Amino acid sequence: MATLLNLSWPSQLVKSATICGYHMGSEQACPLAFDSSESRHKRLKFPYTNHSKPRPKKAVVPLQVVCVDYPRPELDNTVNFLEAAYLSSTFRTSSRPDKPLNVVIAGAGLAGLSTAKYLADAGHCPVLLEARDVLGGKVAAWKDDDGDWYETGLHIFFGAYPNMQNLIGELGIGDRLQWKEHSMIFALPNRPGEFSRFDFPENLPAPFNGILAILKNNEMLTWPEKVKFAIGLLPAIIGGQAYVEAQDGLSVEQWMRKQGIPDRVTDEVFIAMSKALNFINPDELSMQCILIALNRFLQEKHGSKMAFLDGNPPERLCMPIVDHIQSLGGEVRLNSRVQKIELNDDGAVRSFLLNDGNRIEGDAYVFATPVDILKLLLPENWKDIPYFKRLEKLVGVPVINVHIWFDRKLKNTYDNLLFSRSPLLSVYADMSVTCKEYYNPHQSMLELIFAPAEEWISRSNSEIINATMKELAKLFPDEISADQSKAKILKYHVVKTPRSVYKTVPNCEPCRPLQRSPLEGFYLAGDYTKQKYLASMEGAVLSGKLCAQAIVQDCEMLATRRQKMVAEARIS
């Protein structure tokens with residue numbers, strides 16, 4: 001799920017900030033505008049507001065086990081995990097190149113990190129360029145002056161993420177995932193402060209554990225609604241992947257009505273699920289997205305089981321990947337934004353021109369940035385090539401991530417992800433309970449996804465916080481009130497992402513590009529590129545592996561191309 005799994009275009013705003021060459025303001029509209037300012041290379045400071053009093057800075061202490069976490073589920077024998085593990089092994093076992101390729105990669109999010117990691121495993125030399133001074137892209141996070149972390153999104157690791165799980169295993173950091181109870185928990189808007197659970201029994205295989213979880217829940221759907229929904233899903237179960245792909249032309253709402261499924265099923269379940277998957281409502285989301293998620297979550301016993309990372313993603317997840325890349329001879333450079341893609345006479349890439357005026361050349365080039373940034377930097381004579389022209393329909397969706405620190409420990413919450421079912425909020429978690437590094441026995445920190453955010457992305461932070469508090473008063477009626485007469489806000493951070501994961505509207509699937517472009521030596525990575533998972537952390541990691549695979553397969557061609565260019569340079 002993308003909200004759960006949010007991979008977003010990293011941009012953090014309090015008043016305004018210049019990031020990755022794009023200026024966005026929180027007090028007014030945020031159109032994308034190219035900016036060559038150097039201010040983005042300084043560590044950005046974000047003042048927080050609404051303090052009741054200054055908070056003492058935290059001492060640096062080792063992570064401690066403070067939550068009752070569940071054992072890691074048995075994932076290693078699933079078909080998808082074995083497939084992911086095999087693909088990983090092909091890089092380690094491939095024949096070593098006579099001369100390693102120098103591969104220049106723009107973007108140190110999970111797609112770029114994954115591309116570089118697997119190229120290094122195959123014996124090549126990746127040079128990874130990140131525009132900002134923080135790793136992670138859509139999983140970036142920052143530490144404030146109190147020592148507290150705030151993130152680009154609320155990141156959840158599912159059992160149905162075989163490439164992500166495999167990567168974590170390869171890095172030896174599996175103990176950094178905190179697995180939670182196998183449940184999906186939804187707020188009940190008509191009963192403020194109460195929740196409805198879908199509990200997956202551990203003693204049943206898939207899909208029976210999921211079916212029983214649905215059948216046992218009688219608070220959200222009636223038995224007639226469950227039967228109609230089950231009948232509506234039969235074509236997807238019988239038709240398999242071919243049927244799933246054919247539904248890309250319909251929105252969730254359209255598909256539900258076509259199948260004769262009552263609108264209440266959409267209202268009760270799929271509004272929350274659509275917002276969690278892609279930050280948009282069912283009238284916009286492609287049904288293919290929902291069917292892919294249901295297939296993964298229902299066909300694998302532990303597919304929908306969730307884990308939280310035990311700390312901030314840049315240090316706990318991204319740095320181990322960087323360490324691995326560098327241990328094999330690769331390089332990772334921060335504050336290195338690509339300003340221009342420079343071309344040879346034949347239209348192929350000659351170099352990346354960086355913001356500091358330097359040029360970097362390689363044997364192959366990868367763009368692992370969000371699709372919106374790629375489109376802004378596309379050379380003019382590439383724009384009419386069908387491969388790139390189809391990108392026009394792929395547009396990032398806006399999303400807002402809200403963090404609120406309260407003066408007390410909230411009781412009406414769980415050590416898990418919660419679906420708010422609010423018209424303004426998607427999912428949330430009390431990170432002071434769910435995450436070891438953020439643990440606090442006396443105060444709660446709620447991290448919430450504010451979506452859909454299109455109408456809110458240009459509004460002030462105070463407006464967003466006020467709207468969030470009104471919704472939280474419904475979720476915590478005994479503990480939170482909009483006027484703060486109950487729990488008081490110590491501070492908050494609002495992280496706005498005007499262009500996050502691509503908006504998965506109907507008929508987008510044909511526009512997703514393969515990782516290998518039609519131009520020799522130029523490749524793409526990113527969860528928007530063609531791969532069988534959603535716009536998610538899993539999709540980003542898999543896209544990086546597929547990109548690395550394409551480059552390894554093209555190794556001989558790329559080496560020949562390099563020799564030809566060197567020879568031509570000598571002649572000239």
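Not measured: the values here are computed from a predicted model. Numbering starts at 1 and runs along the sequence shown.
- Nearest heavy atom pair, residue Gly136 against residue Cys318, reads CA-SG, 3.6 Å.
- Judged by distance alone, with hydrogens and angles left aside, the side-chain atoms of Asn344 form no donor-acceptor pair with the main-chain N or O of Asp346 at under 3.5 Å.
- A distance-only check finds a donor-acceptor pair linking the side chain of Ser517 to the backbone of Leu519 [under 3.5 Å].
- Each side-chain hydrogen bond (donor to acceptor under 3.5 Å, both in side chains) pair with one or both residues in residues 289-300, not counting sequence neighbours, appears once here: Asn80-Glu300, Arg296-Glu300.
- At least one side-chain heavy atom of Ile321 sits less than 4.5 Å from a side-chain heavy atom of Leu171.
- For His182, the ring-ring contact (aromatic ring centres under 6.0 Å, His included) partners two or more places apart in sequence, or in a different chain, are Phe200.
- The minimum heavy-atom distance between Ala525 and Gly544, with the atom names listed, is CB-CA, 4.3 Å.
- Scanning for side chain to side chain donor-acceptor pair (under 3.5 Å) contacts around Arg561 gives an empty result, with sequence neighbours left out.
- Within the 4.5 Å cutoff, side-chain heavy atoms of Tyr528 are placed close to those of Leu391.
- Checked by atom type, the side-chain pair Gln515/Thr529 shows a donor-acceptor distance below 3.5 Å.
- The two residues Leu558 and Ala364 make their nearest non-hydrogen contact at CD1-CB, 4.0 Å.
- Sorted by first and then second residue, the salt bridge (Lys or Arg N to Asp or Glu O under 4.0 Å) pairs involving residues 107-116 (not counting sequence neighbours) form an empty list.
- With respect to Asp554 and Arg516, a salt bridge is recorded, a charged nitrogen being found less than 4.0 Å from a carboxylate O.
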Margin query: With side-chain contact (heavy atoms from CB on, under 4.5 Å) as the criterion, how do Leu101 and Cys125 come out once you've worked through the C-alpha distance, each side chain's angles and the decisive distance to 0.1 Å?
Written below: CA-CA 6 Å; Leu101 296 173; Cys125 294; over 6 Å; no

Checklist line | Stepwise side-chain contact (heavy atoms from CB on, under 4.5 Å) check, Ile360 with Val127 | finding: CA-CA 9 Å; Ile360 182 166; Val127 179; 3.6 Å; yes

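- Using a 4.5 Å heavy-atom threshold, the side chains of Thr152 and Trp142 count as touching.
- Applying the side chain to side chain donor-acceptor pair (under 3.5 Å) rule to Glu520 yields no partners; only residues at least two apart in sequence or on another chain are considered.
- Put simply, the side chain of Val495 does not reach to within 4.5 Å of the side chain of Ile400, judged on heavy atoms.
- A distance-only check finds a donor-acceptor pair linking the side chain of Thr78 to the backbone of Leu75 [under 3.5 Å].
- For Tyr161 and Tyr533, the ring centers are positioned 6.0 Å apart or more.
- By the 4.5 Å heavy-atom criterion applied to side chains, Ile280 and Lys275 are not counted as neighbours.
- Put simply, CE on Met537 and CG on Asn163 are 12.5 Å apart, with the number rounded to the nearest 0.5 Å.
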Next item on the list: Please test Val402 against Glu447 for side-chain contact (heavy atoms from CB on, under 4.5 Å), starting from the C-alpha separation and ending with a verdict.
Entry: CA-CA 6 Å; Val402 178; Glu447 183 172 345; over 6 Å; no

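- Side chain of Tyr387 to main chain of Leu514: a donor-acceptor pair is present (N/O by atom type, distance under 3.5 Å, no hydrogens or angles).
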Notebook entry, point to check: Can you check side chain to side chain donor-acceptor pair (under 3.5 Å) on Asp527 and Ser543, steps first, answer last?
Noted result: CA-CA 6 Å; Asp527 59 9; Ser543 78; over 6 Å; no

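- Between Val332 and Leu135, the closest side-chain pair of non-hydrogen atoms falls below 4.5 Å.
- Residues passing the side-chain contact (heavy atoms from CB on, under 4.5 Å) test with Ser114, sequence neighbours excluded: Tyr118, Val541, Lys545.
- Residues meeting the ring-ring contact (aromatic ring centres under 6.0 Å, His included) test with Phe308, sequence neighbours left out: none.
- The two residues Val399 and Ile457 make their nearest non-hydrogen contact at O-CD1, 3.8 Å.
- Side chain of Thr90 to backbone of Ser88: no donor-acceptor contact under 3.5 angstrom is found.
- Among residue pairs with one or both ends in residues 166-177, those qualifying as salt bridge (Lys or Arg N to Asp or Glu O under 4.0 Å) are Arg92-Glu170, Lys117-Glu170; sequence neighbours excluded.
- Aromatic ring pairs are classed by plane angle as parallel below 30°, tilted from 30° to 60° and perpendicular above 60°; the pair Phe352 and Phe367 is perpendicular.
- Counted within 6.0 Å of CD on Glu342, heavy atoms from surrounding residues, nucleotides or ligands total more than 12; the atom is thus considered enclosed.
- For the 3.5 Å distance criterion, the side chains of Ser286 and Asp248 qualify, holding a donor opposite an acceptor.
- Between Leu309 and Gln178 the shortest heavy-atom distance is O-OE1, 4.0 Å.
- Listed by first then second residue, pairs satisfying side-chain hydrogen bond (donor to acceptor under 3.5 Å, both in side chains) with a partner in residues 321-330 read Asp121-His324, not counting sequence neighbours.
- To the nearest 0.5 angstrom, Thr504 atom OG1 is 3.5 Å from Asn278 atom CG.
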Next item on the list: Under the side-chain contact (heavy atoms from CB on, under 4.5 Å) rule, what do Leu354 and Leu129 come out as? Steps first, then yes or no, please.
Entry: CA-CA 9 Å; Leu354 304 185; Leu129 309 174; 3.8 Å; yes

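- Applying the side-chain hydrogen bond (donor to acceptor under 3.5 Å, both in side chains) definition to pairs two or more places apart or across chains, those involving residues 95-110 are Ser94-Arg96.
- Checked against side chain to side chain donor-acceptor pair (under 3.5 Å), Asp76 has the following partners two or more places apart in sequence or in another chain: Arg72.
- Evaluation of the side chain to side chain donor-acceptor pair (under 3.5 Å) rule for Arg512 yields Tyr502, Glu509 as partners, not counting sequence neighbours.
- Between Gly347 and Trp382, the shortest heavy-atom contact is O-NE1, 3.0 Å.
- The pair Arg333-Glu331 counts as a salt bridge, with a side-chain nitrogen and a carboxylate oxygen less than 4.0 angstrom apart.
- Put simply, the side chain of Pro452 does not reach to within 4.5 Å of the side chain of Phe279, judged on heavy atoms.
- Under the 3.5 Å distance criterion, with hydrogens and angles disregarded, no donor-acceptor pair is assigned to the side chains of Asn401 and Glu151.
- Panel note: side chain Lys503, backbone Lys393; no donor-acceptor pair is recorded below 3.5 Å.
- Within the 4.5 Å cutoff, the side chain of Pro498 has no heavy atoms near those of the Asp372 side chain.
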